[in-house]
Amino acid sequence: MTERISSREQLNALRDKYTAAIEHEPVRILVCAGTGCQASGSLAVWEKMSELAAGTEVSVEFGAEIAHGKNFPAVHKSGCLGFCEQGPLVRIEPLGVLYTKVKPEDCEEIFDVTVRNKDIVHRLLYKNKITGEECFNQDEIPFYKGQTRVVLRTCGKIDPESIDEAIAAGEYQALAKALFTMSQEEVIKTVLDSKLRGRGGGGFVAGKKWQQVAGQPEKIRYIVCNGDEGDPGAFMDCSIMEGDPHRMIEGMIIAAYAVGAQEGYIYVRAEYPLAVKRLNLAIKQATERGLLGDNILGSGFSFRLNINRGAGAFVCGEGSALTASIEGKRGMPRVKPPRTVEQGLFGKPTVLNNVETYANVPQIILDGAEWYRSIGTENSPGTKTFALTGAVRNTGLVEVPFGITPRKIIFDIGGGIRNDKKFKAVQIGGPSGGCLTESQLDEPLDFDSVKKLGVIVGSGGLVVMDEDTCMVEVARFFMEFTHRESCGKCVPCREGTLRMLETLERIVAGQGEMKDIDELRTLADLIIHTALCGLGKSAPLPVVSTLNAFPEEYIAHIQDKKCPAHVCQKLKQYIIDEAKCRSCSKCARGCPVQAIDGKPKVPYVINQDKCIKCGACQSACPFKAIYVA
């Protein structure tokens with residue numbers, strides 16, 4: 001029978017009980033079961049580990065002896081460890097060893113060598129790509145060394161589907177502290193003093209939102225969590241919801257207590273089925289335990305949580321569009337004021353923050369505002385999670401203090417550029433952001449500093465690009481995304497992004513004119529200053545930043561009709577290297593438009609007027625004699 005928690009003292013007693021139970025597991029095996037590792041086959045690893053553990057008794061010297069039963073290893077699923085490039089990941093406690101790229105066929109060796117004999121399977125350890133040294137545990141790996149994990153502190157260390165493990169990790173302690181030792185005003189003041197800024201993109205001070213909602217005459221108020229996360233390549237909020245859903249839920253309950261709300265909503269993308277599953281389970285568990293619902297912890301305070309699944313509209317990351325979607329309306333932004341803090345969900349005052357923002361709150365309540373401000377910078381305190389993707393060696397989820405430089409993230413944590421290519425740019429802030437170049441890599445990364453560079457932190461996507469990237473095509477890609485995702489309510493966004501996209505498409509097709517550059521800048525300025533919502537206003541930023549940083553690439557596409565990176569298909573020119581050509585005729589036979597001429601013992605030639613740039617000749621050539629100019 002589920003044990004309902006009706007007091008702070010009972011919560012503390014259960015924390016001690018569950019902590020002792022974990023410590024008494026003779027061997028604890030944690031298999032990463034985040035979306036990334038699941039895609040790499042981690043569930044098959046978990047199943048094999050569970051099968052082996054059921055018949056493997058281990059000596060008690062390996063860990064503490066359990067009070068009853070046999071000493072079988074305990075196998076658990078964990079949340080995302082962040083090091084997606086090396087998944088599936090498996091942690092073995094209490095040794096602290098982290099194994100990478102584990103396959104089901106590796107499990108028996110892990111049991112024989114590590115679980116039974118307390119030794120190491122060296123081939124499964126991560127090896128430092130620079131020094132070649134083996135990294136025995138997580139803290140030795142460069143990917144983790146440069147991180148400061150606050151929001152992600154328990155991700156990968158606990159079973160996200162077990163509220164017992166969440167309680168053992170200290171979760172809901174901040175809620176108990178707030179309910180029993182702090183007034184509503186004190187909670188708001190603590191969050192205000194911490195200078196916590198919203199992690200959803202705008203960087204608005206979270207405590208000010210709470211203060212404004214608490215001060216409204218309307219007493220029906222709502223707490224809403226934005227878990228929509230529509231940026232391409234972003235998975236920060238997803239990993240938090242999957243890996244430690246109780247931390248975010250606890251932050252929402254604290255916010256509800258602070259502003260006097262009794263109901264909340266979590267808005268999650270339908271494309272996040274695992275996050276939805278674990279959130280539903282976490283809400284069910286917390287309600288059964290008396291940590292959600294009526295009379296939480298016997299305090300007299302009540303709060304209920306609901307989950308709404310969005311259809312994946314990028315615009316629903318905007319506050320008023322998100323609340324409209326929850327209400328069952330089409331997700332479209334509205335004119336402001338009134339703002340969400342005054343008239344939000346169902347026309348009532350609403351606190352709207354994203355997943356990462358709420359997940360910061362419990363530790364701020366426990367350790368205080370001064371502790372939080374000791375991390376990061378003066379005006380951007382704390383940490384930020386980033387999804388590090390693209391042409392970087394170590395892709396994954398990282399959490400770093402504000403003020404760190406992009407160079408440290410990309411080259412120290414990320415391991416540098418894949419295949420020893422040259423760094424070219426990093427897209428920050430997703431489709432609403434822009435590009436930073438080599439000369440900007442040593443600038444501090446925080447809300448205010450990056451604005452001076454013409455970009456935004458956004459929700460936290462970092463897409464690294466190497467020398468083989470065409471920046472004009474990057475701008476076209478993001479503009480295509482923002483135009484497709486435009487809700488169409490305002491003319492500047494609906495029509496302006498279309499005109500910009502059409503212009504960019506002409507340029508990458510070799511049909512651009514020099515006047516197009518001025519037209520792009522004019523349209524960008526118009527959209528930035530007249531679009532209805534923040535998403536529309538920021539839509540042109542990728543184009544503006546690439547125009548500023550890489551004007552020569554636009555000129556090459558327009559004047560020379562060449563793509564310097566050899567990416568744009570219609571600007572490619574396929575050439576046959578006479579020295580390598582063996583006159584085998586395979587290229588000519590594979591050409592769909594008969595654009596290749598030649599005869600025996602004479603190098604073949606491509607007729608550029610007839611060539612349709614399909615690349616079939618290059619694929620057909622067994623001697624690698626065809627290259628792109």
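Fair warning: this is a prediction, and the values are worked out from it, not measured in the lab.
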**Report entry** Backbone of Lys348 reached by a side-chain donor or acceptor of Thr350 within 3.5 Å
**Finding:** yes

Query - Donor-acceptor under 3.5 Å (Arg330 side chain, Cys487 main chain) - result: yes

Query raised in the report: Should Arg499 and Glu502 count as an ion pair when the cut-off is N to O under 4.0 Å?
Result: yes

Requested in this report: On the 0 to 90° scale, with breaks at 30° and 60°, tag the Phe447-Phe402 ring pair as parallel, tilted or perpendicular.
Outcome: tilted

Query raised in the report: Salt-bridged, Glu473 to Arg476, with N to O below 4.0 Å?
Result: yes

Query raised in the report: So do the side chains of Phe314 and Asp231 get within less than 4.5 Å of each other, counting heavy atoms only?
Result: yes

Report task. Give a yes-or-no answer on whether the side chains of Asn226 and Asn353 include a donor-acceptor pair shorter than 3.5 Å. Result -> no

Query raised in the report: Are Arg197 and Asp448 within salt-bridge range, i.e. N to O under 4.0 Å?
Result: yes

Query raised in the report: Okay, side chain of Asn280, backbone of Val276: is any donor-acceptor separation there less than 3.5 Å?
Result: yes

Report task. May I ask you to check whether over 12 heavy atoms, not counting those of Lys561, lie within 6.0 Å of atom NZ? Result -> yes

**Report entry** Short N-O contact, Glu161 and Arg278, less than 4.0 angstrom
**Finding:** yes

Query raised in the report: For residues Gln211 and Lys208, is any side-chain donor paired with an opposing acceptor at under 3.5 Å?
Result: no

Query raised in the report: Do Gln363 and Arg153 have a side chain donor and acceptor closer than 3.5 Å?
Result: yes

Query raised in the report: Taking 4.0 angstrom as the limit, do Glu271 and Arg309 come out as a salt bridge?
Result: no

Query raised in the report: So how far is it from Leu292 CG to Glu250 CD, rounded to the nearest 0.5 Å?
Result: 10.5 Å

Query raised in the report: With the threshold set at 4.0 Å, does a side-chain nitrogen-carboxylate oxygen contact exist between Glu242 and Lys277?
Result: no

Requested in this report: Without swapping roles, check the side chain of Glu318 against the backbone of Ala321 for a donor-acceptor pair under 3.5 Å.
Outcome: yes

Query raised in the report: Any luck finding a side-chain donor-acceptor pair between Thr190 and Asp193 under 3.5 Å?
Result: no

Query - Salt-bridge criterion met for Glu399 and Arg149 (N-O under 4.0 Å) - result: no

Requested in this report: Run the numbers on Phe346 and Tyr222 for ring pair (Phe, Tyr, Trp, His ring centres under 6.0 Å), then give the verdict.
Outcome: CA-CA 9 Å; Phe346 303 121; Tyr222 292 100; 5.5 Å; yes

Query raised in the report: When rounded to the nearest 0.5 angstrom, what is the spacing between CG in Leu322 and CE in Met332?
Result: 15.0 Å

Query raised in the report: Ignoring hydrogens and geometry, is there a side-chain-to-backbone donor-acceptor pair from Lys195 to Arg373 under 3.5 Å?
Result: no

Query raised in the report: Is there a donor-acceptor contact under 3.5 Å from the side chain of Tyr358 to the main chain of Val224?
Result: yes

Query raised in the report: Are Glu553 and Lys424 close enough for a salt bridge, meaning some N to O gap below 4.0 Å?
Result: yes

**Report entry** Under 3.5 Å: donor-acceptor pair, side chain of Ser320, backbone of Arg334
**Finding:** yes

**Report entry** Check ion pair Asp466-Arg418 (N to O, under 4.0 angstrom)
**Finding:** no

Requested in this report: Measure from the side-chain N and O atoms of Lys570 to the backbone N and O of Cys568, and report whether any donor-acceptor pair falls under 3.5 Å.
Outcome: no

